[in-house]
Every structure is written in structure tokens, then in C-alpha cells.
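The structure under discussion appears below in the form of C-alpha cells.
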There are 2 protein chains.
Amino acid sequence: MAKLSREAILDAAVRFVDEHGIAKLSMRKLGAELGVEAMTLYYYLPNKEALLDGLVDHVTSSVDLVARGGEQWPDLLRRIAVSLRAALLAHPGVLPLVSTRPVLSGSSLDAVEGALSVLYATGFTARQALDALNIIGTFTVGHTLAEAGRTPGHEDADPDLDAFVSELDGARHPLFAAAVRSGGGTNHAERFALAIDMLITGIGAGRATGTGHGRATNAERAVSRARRP
Amino acid sequence: MAKLSREAILDAAVRFVDEHGIAKLSMRKLGAELGVEAMTLYYYLPNKEALLDGLVDHVTSSVDLVARGGEQWPDLLRRIAVSLRAALLAHPGVLPLVSTRPVLSGSSLDAVEGALSVLYATGFTARQALDALNIIGTFTVGHTLAEAGRTPGHEDADPDLDAFVSELDGARHPLFAAAVRSGGGTNHAERFALAIDMLITGIGAGRATGTGHGRATNAERAVSRARRP
DNA sequence: CCTTCTCTCTTACGCTGTAAGACAGACTAT
DNA sequence: ATAGTCTGTCTTACAGCGTAAGAGAGAAGG
């Protein structure tokens, strides 16, 4: 039981969430884990919200945003995506929190600027570069949320899915059943990799052919249409 | 105050969350909203978790997954993405819940099968079709989460961002500052539209050139590498 | 009239986040 | 050495939470 500190508390909180799920995390239980009363934690943190913020920072701070020398932008983006996904999957209990807070928070701003500069140096505008980073980030969070599945702390993902699948193999949903049977619904790493390659290809094409400003894409027109139905 | 029912309760819950945020939603307050004691709700719902599940279903059930006659698959996927994003943005308070539960839930399975069949008819395998749907869905959820920003109920997104931006216009993060100043961080609809077009292009390319099974992509290799560092 | 079903209520328990402030020990200043 | 402040932990207390258990009112059917 090392000396108490904000860091020690966050470490214990991550450990607790990994083991019991975020729903069970309370100030009293976390205090007990550290051999201390609940109110003692309030000497290091203003409130529970700050604890959760810290948890997210703790988990995402391991994401490797720093560009290597000579690294091409597609490799950089791919590495960021893979690194972010790995960080999130390492502590899936924290995922529901991550989804609710900005991923590129204050603590990682220097690294973000570094990544932007790599993109900028190869012809992106500042805005395109940030858009690219945002697209990679939001997709990765969304995808990882879906892979991690049910989160609150009950890990009944498997029995749930099994029951679900065996229930529908009938004639009502032949394609869905076929896709699930062939692993289409569960091979997350592969689907993630495919999508990231797609996005990177698209990002490159967007930079080459135009800025995406001014000329409306098909999807933009669809969005505008939907806004006033 | 129409007669009480599961539907009436869910309606009231959506209204409550839209107004006060999900953090403030409690069985007692929701009961009060309906002129009834908290325990009365338990005649219609087994527990609060079921209420939240119902909330997600309620919000996502308006997503239009049904293929029109003669609609091409890229238009179908684009329409699904746009429709899902609109449904989510209509009730941003529910978003944190959506992110934690499967979006394509049991209630929409018929429509999913219909969408799959459109893709299947134009040369996708069942698995590729489901992957495509999943990619569109997870990206849309991830992106919408990021646009809706801070969710718990405090809508301090603007002051927060303003303070954040004005603080960093200095020389430390010139690219980030330039991108934000030009609206790169906030023009969500445009960035979403761009990314969806990218994904659709990529999905089409994936179908044309190969299945994405067997041949490893760059990203897949990166994922495997990261798994055992 | 009696029973059963449907719906709503009251009461109670253990849990939560946290405000307010008491207290002990260590350091600092006179 | 004495007095004062600072640091870290504790106790107590309060309002609110989800919900288990069961009482009771009113309608429906025999």
C-alpha cells in the first residue's frame, strides 16, 4: 500500500473497474480498496466526476500519437487507430466513460499537434488534418464500443449471443444467420482493419481531388435533405 | 395524462431525458412526471435497466432501414447512416445509453435482413454485407457521440470550447488552433458526410477486388503486431 | 356475495455522493 | 519551548437512489 496520491487512486480505480465493472465503483469501495475512508479521497479529487475523468485520461494516455521520423501519413493514422483500439480494449470497463468524453483531451494536445504537422507537411490543410484525425478517432471509439459489447459489468455477452443466434437460424433471416455463422458478426479485428484501410484510402482521395469544401458530396446532400423532412 | 402503459412511460422518459439529461432521471421523478408513485412503474417494467433498454429501442426504432425498390446499395447505406445519425441527434441525452447497447437490436431484425438482401443481390457475401452494415453503424454511433459532446446534462459545451480555444491560439499548437478557427473541429455534418462517402467507396472497393479474407491488409498486419508487443 | 385479477400505494432497507467539521501529527516562526 | 499553521484522515449526517415486500382499492367474473 504505497503512499496515497491522485495517481495511486486512479491506478486502484482502473484495477477495480477491470475486475468488477464500472457500475460497482463507489467512493466507499474504492477507499476500502486503498485502506482508507471514502472521504479521504476527496482530499485528492474534488468529486466523483473528476475521478471518472481521470480514469479516461489514464486509459487513453497510453495511445501513441507521436510520429516517427520518416513515417508516412497513412502509417501514422493506422498506427494511431490501432494503438487507440488496443488501449481501449485493454480496459473495456472504462469504455462507456470514454464514449462520453472527448478522447483527444488536453493532456495529449502536444502529440495531436505533432500528428497534425505530419499531415500538414504532406499537403493537408490544417482543417483537413484535424478532420482526418477526428474521423479515425470517432470510428475507432464507435467500433471498439461495439466489439466490447455489453459493458456495465455483467459479461453475459457469450450466452446472450449464442441464444440469439440459435434462435434465428430459421428461414426468417437467412442472410443474417449465414453471416453470423461465418463469423461475420464477431471477427472484430479484421473488420476494424478493413474499415481503417477504407478510411485512410478515402482520406487520401479527399486530399487529392478537392478539399471537401464547396463541392457538396452525395452524402452532404442527403444530410441537408434529412434536416428538413 | 393518458392511461399508463409501458409506451406512455417510455415517452415520458424520453421527454424527461431531453429536458433534464439522463443523470437526473430517477424512478421517483419519472413517476412524479406521470402523476404516480415510483413503485407503480415496476408494474410495467422489471427494473430501471429495462427502462433504459426501452429508451434506446424507442430512439433507434425510427431509423429507416427498409430498402426502397430499385435503390442502389450505396444509396441504401448512405440513407441508413443519415437516418441513424438524425435519430441519435434528435435525442442526444440518450446517446450514452446507445453507445453501451447493441444498435441493431432484436426489434429491427427484419429490416436488417432486408438491407442485407439488397447488398447480397449486388454481389456481397452475407458476411461482407453484415460487415458493411456494422461498419456504417459503428462509425455513425462513434461520430455522433463526438458531435454531441459532453452529455451528462450540463450543456456547457460552448463556454468550455471557447475557453479552450482562446487559451491555445498561441504558438504552441498553431495547426490545431488554425484548424479549430476555420471550423474544422465543429463542422460535424460535413465531416460525417465525407467519412460516410469514404466508407462506402471503400466498401465497394473491398467487394470488387477481394473479400478481405485470406489476404491480409496493412492494417491487419498492424493489428497482429500490436497484439503481442 | 365471494373470489380473483389488475393496478397503485406505503413502508422499509441498504446503498450512494458529499457537505461540515473534528482531530492528530508534523512542520515553522517567534 | 510555545504557539500557530498545514496536511492528511477521520466521523457524523443528510438527501437521494433502486427496489423488495406486501397492503389495499376497485373492477370483473363466477
Side-chain angles (χ1 to χ4, degrees), chain A residues 1-58 93-94 96-97 100-101 150-154 156, chain B residues 1-58 93-94 96-97 100-101 150-154 156:
Chain A
M1 208 69 56
K3 200 152 147 288
L4 211 51
S5 69
R6 206 191 94 107
E7 279 312 305
I9 292 173
L10 289 178
D11 278 351
V14 170
R15 242 177 293 123
F16 185 97
V17 170
D18 281 346
E19 186 167 359
H20 305 104
I22 202 142
K24 300 245 180 235
L25 177 68
S26 77
M27 299 303 269
R28 279 178 245 254
K29 290 196 204 125
L30 181 55
E33 206 80 6
L34 291 158
V36 126
E37 293 303 313
M39 288 311 291
T40 300
L41 305 178
Y42 285 84
Y43 184 77
Y44 301 91
L45 297 160
N47 49 47
K48 190 181 184 184
E49 195 61 19
L51 171 68
L52 302 183
D53 286 348
L55 228 50
V56 171
D57 221 60
H58 205 74
V94 182
L97 300 181
T100 268
R101 284 143 230 262
R150 263 132 317 290
T151 35
H154 46 69
D156 53 10
Chain B
M1 209 68 57
K3 199 151 147 290
L4 211 50
S5 69
R6 204 191 95 106
E7 277 314 303
I9 292 172
L10 289 179
D11 279 351
V14 170
R15 240 178 293 123
F16 185 97
V17 169
D18 282 345
E19 187 167 357
H20 304 104
I22 202 139
K24 299 247 179 235
L25 176 68
S26 76
M27 299 303 267
R28 280 177 242 256
K29 289 198 205 121
L30 181 55
E33 205 82 4
L34 291 157
V36 123
E37 292 303 311
M39 287 311 289
T40 300
L41 305 177
Y42 284 84
Y43 185 76
Y44 301 92
L45 298 161
N47 48 49
K48 192 183 183 183
E49 194 62 17
L51 172 69
L52 302 182
D53 286 347
L55 227 52
V56 171
D57 221 59
H58 206 76
V94 182
L97 300 181
T100 268
R101 283 142 232 263
R150 265 132 313 292
T151 38
H154 47 68
D156 54 10

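A note on names: the letters A, B, ... follow the listed sequences, proteins ahead of strands, and every chain is numbered from 1. These numbers come from the heavy atoms of this one structure, side chains and all, not from hydrogens, waters or symmetry mates.
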Name all residues meeting the salt bridge (charged side-chain N to carboxylate O under 4.0 Å, His left out) criterion together with B:D53; count only those two or more places apart in sequence or in a different chain, and write none if there are none. B:R101
Where is the tightest heavy-atom contact between [X] and [Y], given as atom of each residue plus distance?
X     : Y     : result
A:L34 : A:A8  : CD2-O, 4.2 Å
B:M27 : B:K48 : SD-CG, 4.0 Å
A:N47 : A:Y42 : CA-CE2, 3.8 Å
B:A13 : B:L55 : CB-CD1, 3.4 Å

Can you give one letter per nucleotide of nucleotides 7-18 of chain D, 5' to 3': B if a protein heavy atom sits under 4.0 Å from the base, S if only from the sugar-phosphate, - if neither? SBBBB-B---BB
Is there a side chain to side chain contact (heavy atoms under 4.5 Å, CB included) between B:L25 and B:H20? Walk through the geometry before answering. CA-CA 8 Å; B:L25 176 68; B:H20 304 104; over 6 Å; no
Could you check if a side-chain atom of A:V14 sits within less than 4.5 angstrom of a side-chain atom of A:D18, using non-hydrogen atoms only?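 They are in side-chain contact.
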Outermost contacting nts on DNA chain C, any atom under 4.0 Å from chain A heavy atoms, listed 5' then 3', are C:dT16 to C:dA20
